[in-house]
K.L.:
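Right, I'll just put the structure down here and ask away after.
To find a chain, count down the sequence lines: A is the first, B the second, and so on, and within it residues start at 1.
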Amino acid sequence: MEVDIRRVALKHALANAVKFGGKARVDSVVSKVFAEVPEARKAAKEVVELVKEVVEEVNSMSPESQASLLSELWPEALSGERKVEVKRLPPLPGAEEVGGKVVTRFAPNPDFVLHLGSARPAILNYYYAKKMYNGKFILRFEDTDPRTKRPMPEAYDLIREDLRWLGTPWDEEYIQSQRMEVYYEVAEALIKSGNAYVCTHSQDEIKAFRDAGKPDPCSFLPPEEHMERWEKMLSGEYPEGAAVLRIKTDPAHPNPSVRDWIAFRVLDTEKTPHPLTGDKYRVWPTYNFACAVDDHMLGVTHVLRGEEHAVNTLKQEYVYRHMGWKPPVSIHFGRMNLEGMVLSKSVIRRGIEKGLFSSIDDIRLGTLRALRRRGILPEAIWDLVLEVGIKPSTARVSVDKLHAFNRKYLEPRANRYMFVPEPAKVASIEGLEAPITAEVIVHPSFPERGRRRITFSKPEVYLPSDVASSMVRLMGLGNFEVVDGGSKLRYLNNDVSFAKKHELPIVQWAPVESSVRGRVLKAAGTKIEEISGYGEPSLAELPPGEQVQFVRLGFVRVEGPETYIFTHD
RNA sequence: GCCCCGGUCGUCUAGCCCGGUCAAGGAUAUCGGCCUCUCGAGCCGAAGAUCCCGGGUUCAAAUCCCGGCCGGGGCACCA
């Protein structure tokens, strides 16, 4: 045994010394020894002493003899390969207990379309339920506020579309405004068991009780009284604001907002009708109540949501406790700030109202529809979300990162086209007989996609203004000498290797007679840049939605005739 | 102010739960080279991290414990 350890120590001491300029470190060698011979941990102190001796010996040797001894005894120790890591999120706690039947949900308020911020919970919840576990993914519309965050009738469908595009199809769908009776029933049970009560104090009075950490006088009334009040709430005898149903928690809870939080309130739906149910209901559950009840009723096992919901989890646990239900596992992830993109719902909405943004898919915005219009692929959003993962700390991700992921997917798909941006130069061609024919490569990585033929008779082309050399290569057409300050191009040959050898700039061009005018729209912070120019004739045939690369310019998505939206470099 | 939660290359992240194969791996951005009919892609290389700071436990701490600092979230009859 002793001998074995000494040998192992010698091996790692040598390897360590060779790796770090002749001096091995005791700590590192000890670690390696334990890794190779885990049993040795039991006699850790002795091993350390032994390693110290060995390291001393090794360090007194010359680097050359260390290396030669190592390669003689353990040649394999010289190759330092590393483990490869697989990109995958950590498993979910509590997934075993449910036998891998993980049920998650995505629960948006249908008051707006989805944006990059909402993509995170959508993808994460979908990923765990459907990709990592063999479970169920639920879509639930949380539209229980007809007053402050009024649902937008179109939003239900817009969100469904957004999710389908994102690649997170759902197994079941629920709309909270259609489930009011469910919430009423649980409310009644809680009142009867003395765990909820109707309070008729004003908002200010309730706040005062909370701040003081004192119980609400209403809470001392018997359940029968509260049942009566509850009936009166439902029958419309209390005007808006006159009564609320509160959940008993702890009047002195360290977090004042948890103290007997409000589960239902009266809303005047004649004044502010709900887009789906009109004025049918006047008593509305709050987010925390509806959410708690639904998560249980729908069998949700895991809730993944942002850290802004941390206190809500705390509140909702009281409903579970009172009802004797088992709460789902909650995981809170941190904020994801996307630098250089407008994400906030309220800012977007205000911007659209003020005319700052044209619409919900204005290319400067971070809505999923805007990203799609810009040519961002859902796969790229997935990569971004999965990379950021479920860490609780705030992540400041850059648009560059999103673009890098997107480029990975877009690059092979996007065929190459030529587009000459303004200011373009017109040059006449000498030395080629009309009709002139060029063959441009459709995609350099995929020769099987072939070449595109451009034929024209009038010997004039548009050139990008950055052509300043005495010779230039026009892609697919030939090498030229630049004469008369760039107004003339004299044909030399069509040999790519000539261009390489003489280091000619290789540029895009467009025939003047059949070029297609176009403009590229580019989101630049709060502005939209417009780059107009001339494209090769086949641009006219590209269908809207097609994503291509404008050579030497960047990737674009075809918006419509003559309009292209810049995706990224 | 009160209540939570965090802190690893510029940025994002792996490792942390269960201390040792980590003098810290990957990605992105940057810089160089090769390759390419693009300023795209690919390949190779460089540089980049006092693992927030201080203390403690231990043979051994990015990992466990305590304190500090800094950052974030919440404090609605919104979701």
Side-chain angles (χ1 to χ4, degrees), chain A residues 12 16 19-20 25-28 30-36 38 41 44-49 51 82-85 87 90 93 107-109 111 142-145 147-149 199 202-203 206-207 210 240-241 243-246 253-258 261-267 284 286-288 290-291 306-312 314 332 334-336 339 383-384 387-389 391-398 400-401 403-405 407-408 410-412 414 416 418 440-441 443-445 466 473-477 496-497 499-500 504-508 549-555 569:
Chain A
H12 291 296
N16 192 242
K19 191 173 167 193
F20 294 100
R25 213 186 258 186
V26 176
D27 280 3
S28 307
V30 169
S31 294
K32 301 277 185 192
V33 170
F34 283 140
E36 188 167 330
R41 267 170 246 247
K45 288 196 185 175
E46 289 79 59
V47 173
V48 171
E49 285 310 310
V51 170
R82 283 249 163 211
K83 69 248 168 183
V84 252
E85 75 185 59
K87 197 161 157 187
N109 179 344
D111 67 338
E142 307 212 316
D143 55 349
T144 59
D145 178 17
R147 186 179 51 186
T148 319
K149 283 192 180 170
C199 164
S202 72
Q203 207 163 152
I206 291 174
K207 184 175 172 5
R210 275 198 186 130
E240 181 168 311
V244 292
L245 185 78
R246 303 182 68 182
H253 192 280
N255 189 328
S257 75
V258 175
W261 55 269
I262 285 154
F264 284 85
R265 74 283 205 198
V266 178
L267 294 175
W284 287 87
T286 57
Y287 164 75
N288 277 304
C291 185
E307 62 179 336
E308 66 270 21
H309 286 291
V311 185
N312 293 328
L314 226 55
H332 301 114
R335 284 180 59 114
M336 186 170 87
E339 154 244 289
D383 274 8
L384 189 72
E387 163 148 315
V388 173
K391 289 220 323 179
S393 48
T394 306
R396 293 200 325 241
V397 302
S398 63
D400 281 356
K401 191 91 175 179
H403 288 174
F405 283 134
R407 197 177 291 117
K408 189 173 86 191
L410 192 49
E411 212 283 332
R416 274 43 176 178
M418 298 194 294
V440 294
I441 291 167
H443 195 302
S445 314
D466 61 349
R473 172 162 182 82
L474 306 196
M475 295 180 102
L477 182 60
V496 177
S497 58
K500 287 280 167 195
L504 303 196
I506 298 170
V507 303
Q508 79 278 33
Q549 189 201 48
F550 281 170
V551 166
R552 303 210 315 143
L553 231 95
F555 295 91
D569 298 330

K.L.:
According to a strict under-4.0 Å criterion, is A:Lys500 in side-chain N/O contact with OP1 or OP2 of B:U38?
P.N.:
yes
K.L.:
Does the structure show a Watson-Crick or G-U wobble partner for B:G54, both distances under 3.5 Å? Name it, or say none.
P.N.:
B:C66
K.L.:
Answer with yes or no whether A:Asp383 presents, from its side chain, a donor or acceptor under 3.5 Å of a partner atom in the base of B:C12.
P.N.:
no
K.L.:
Please give the distance between the C1' atoms of B:G26 and B:C51 as a whole number of Å.
P.N.:
16 Å
K.L.:
Tell whether A:Glu387 reaches the base of B:U28 with its side chain through a donor-acceptor pair below 3.5 angstrom.
P.N.:
no
K.L.:
Does any nucleotide pair with B:U21 by Watson-Crick or G-U wobble geometry, both distances under 3.5 Å, and what is it?
P.N.:
none
K.L.:
Using the C1' atom as the point on both nucleotides, what is the distance between B:U13 and B:G56, in whole Å?
P.N.:
30 Å
K.L.:
Is the distance between the ring centroids of A:Phe34 and A:His12 less than 6.0 Å?
P.N.:
no
K.L.:
Walk me through whether A:His403 and A:Phe555 qualify under ring pair (Phe, Tyr, Trp, His ring centres under 6.0 Å).
P.N.:
CA-CA 10 Å; A:His403 288 174; A:Phe555 295 91; over 10 Å; no
K.L.:
In whole angstrom, what separates A:Lys391's NZ from B:A14's C1'?
P.N.:
9 Å
K.L.:
For A:Met418 and B:C39, give me the distance from atom CE to atom P, rounded to whole Å.
P.N.:
15 Å
K.L.:
With sequence neighbours left out, what residues match A:Arg265 under side chain to side chain donor-acceptor pair (under 3.5 Å)?
P.N.:
none
K.L.:
In B/S/- notation, 5' to 3', how is nucleotides 59-79 of chain B contacted by protein heavy atoms closer than 4.0 Å?
P.N.:
B------------SSSS-BBB
K.L.:
Across all strands shown, which nucleotide pairs with B:U11 by Watson-Crick or G-U wobble geometry, both distances under 3.5 Å?
P.N.:
B:A27
K.L.:
With both distances under 3.5 Å as the test, what is the Watson-Crick or G-U wobble partner of B:G32?
P.N.:
B:C44
K.L.:
Specify the residue among A:Lys32 and A:Val507 whose closest nucleotide of RNA chain B lies further upstream toward the 5′ end.
P.N.:
A:Lys32
K.L.:
For A:Ser31, give me all partners under side-chain contact (heavy atoms from CB on, under 4.5 Å), at least two apart in sequence or on another chain.
P.N.:
none
K.L.:
What do the steps show when you test A:Val397 against A:Met336 for side-chain contact (heavy atoms from CB on, under 4.5 Å), and what is the final call?
P.N.:
CA-CA 7 Å; A:Val397 302; A:Met336 186 170 87; 4.1 Å; yes
K.L.:
A:Asn16 has a side chain; which of B:U28, B:A23, B:C12 sits nearest to it?
P.N.:
B:A23
K.L.:
Expressed in angstrom and rounded to an integer, what is the separation of A:Phe555 atom CZ from B:C39 atom P?
P.N.:
13 Å
K.L.:
Applying side-chain contact (heavy atoms from CB on, under 4.5 Å), can you list everything that pairs with A:Glu240, at least two apart in sequence or on another chain?
P.N.:
A:Arg147, A:Leu267, A:Asp268
K.L.:
Using the P atom as the reference point in each nucleotide, state the distance between B:G73 and B:U28 in Å, no decimals.
P.N.:
29 Å
K.L.:
Expressed as a whole number of Å, how far does the C1' atom of B:C16 sit from that of B:C22?
P.N.:
12 Å
K.L.:
What is the distance, to the nearest angstrom, from the CG atom on A:Leu477 to the P atom on B:C37?
P.N.:
17 Å
K.L.:
Rounding to a whole Å, what distance do you find between A:Ile441:CD1 and B:G40:P?
P.N.:
16 Å
K.L.:
Kindly write out the residues that satisfy side chain to side chain donor-acceptor pair (under 3.5 Å) with A:Asp143, not counting sequence neighbours, or none if the list is empty.
P.N.:
A:Tyr156, A:Ser177
K.L.:
Rounded to the nearest 0.5 Å, what separates atom CD1 in A:Ile262 from atom CD in A:Gln203?
P.N.:
7.0 Å
K.L.:
Can you tell me how far P of B:G40 sits from CG of A:Leu410, to the nearest Å?
P.N.:
14 Å
K.L.:
Should the side chain of A:Lys401 and the base of B:A27 be counted as holding a donor-acceptor pair, with the cut-off at 3.5 Å?
P.N.:
yes
K.L.:
Looking only at atom C1', what distance separates B:C52 and B:U63, rounded to whole Å?
P.N.:
16 Å
K.L.:
Which part of the nucleic acid, if any, lies within reach of A:Pro254 when heavy atoms closer than 4.0 Å are counted: base, sugar-phosphate only, or nothing?
P.N.:
sugar-phosphate
K.L.:
Grab the CG-C1' distance between A:Leu504 and B:U36 for me, whole Å please.
P.N.:
15 Å
K.L.:
Can you name the nearest heavy-atom pair linking A:Pro256 to A:Arg210, along with the distance?
P.N.:
O-CD, 3.2 Å
K.L.:
Going by purine N1 to pyrimidine N3 plus the second Watson-Crick contact, or the G-U wobble pair, all under 3.5 Å, which nucleotide sits opposite B:C37?
P.N.:
none
K.L.:
Could you work out the separation of B:A61 and B:A47 based on their C1' atoms and round it to a whole Å?
P.N.:
28 Å
K.L.:
Counting Watson-Crick and G-U wobble pairs only, both distances under 3.5 Å, name the nucleotide matched with B:C75, or none.
P.N.:
B:G1
K.L.:
Please report the distance separating the P of B:U38 from the corresponding atom of B:U50, rounded so that it comes out in whole Å.
P.N.:
40 Å
K.L.:
Take the protein atom NE2 of A:His403 and the nucleotide atom P of B:A29, then report the distance between them rounded to whole Å.
P.N.:
11 Å
K.L.:
Pick the P atom in B:G67 and in B:G72, then give their distance to the nearest Å.
P.N.:
22 Å
K.L.:
Could I get the full list of side-chain contact (heavy atoms from CB on, under 4.5 Å) partners for A:Lys149, not counting sequence neighbours?
P.N.:
A:Asn109, A:Asp111, A:Asp145
K.L.:
Just to be sure I understand the rule, does A:Arg25 reach a base, reach only the sugar-phosphate, or reach nothing, if contact means heavy atoms closer than 4.0 Å?
P.N.:
base
K.L.:
Please determine whether any donor N or O and acceptor N or O are separated by less than 3.5 Å between the side chain of A:Arg416 and the base of B:G40.
P.N.:
yes
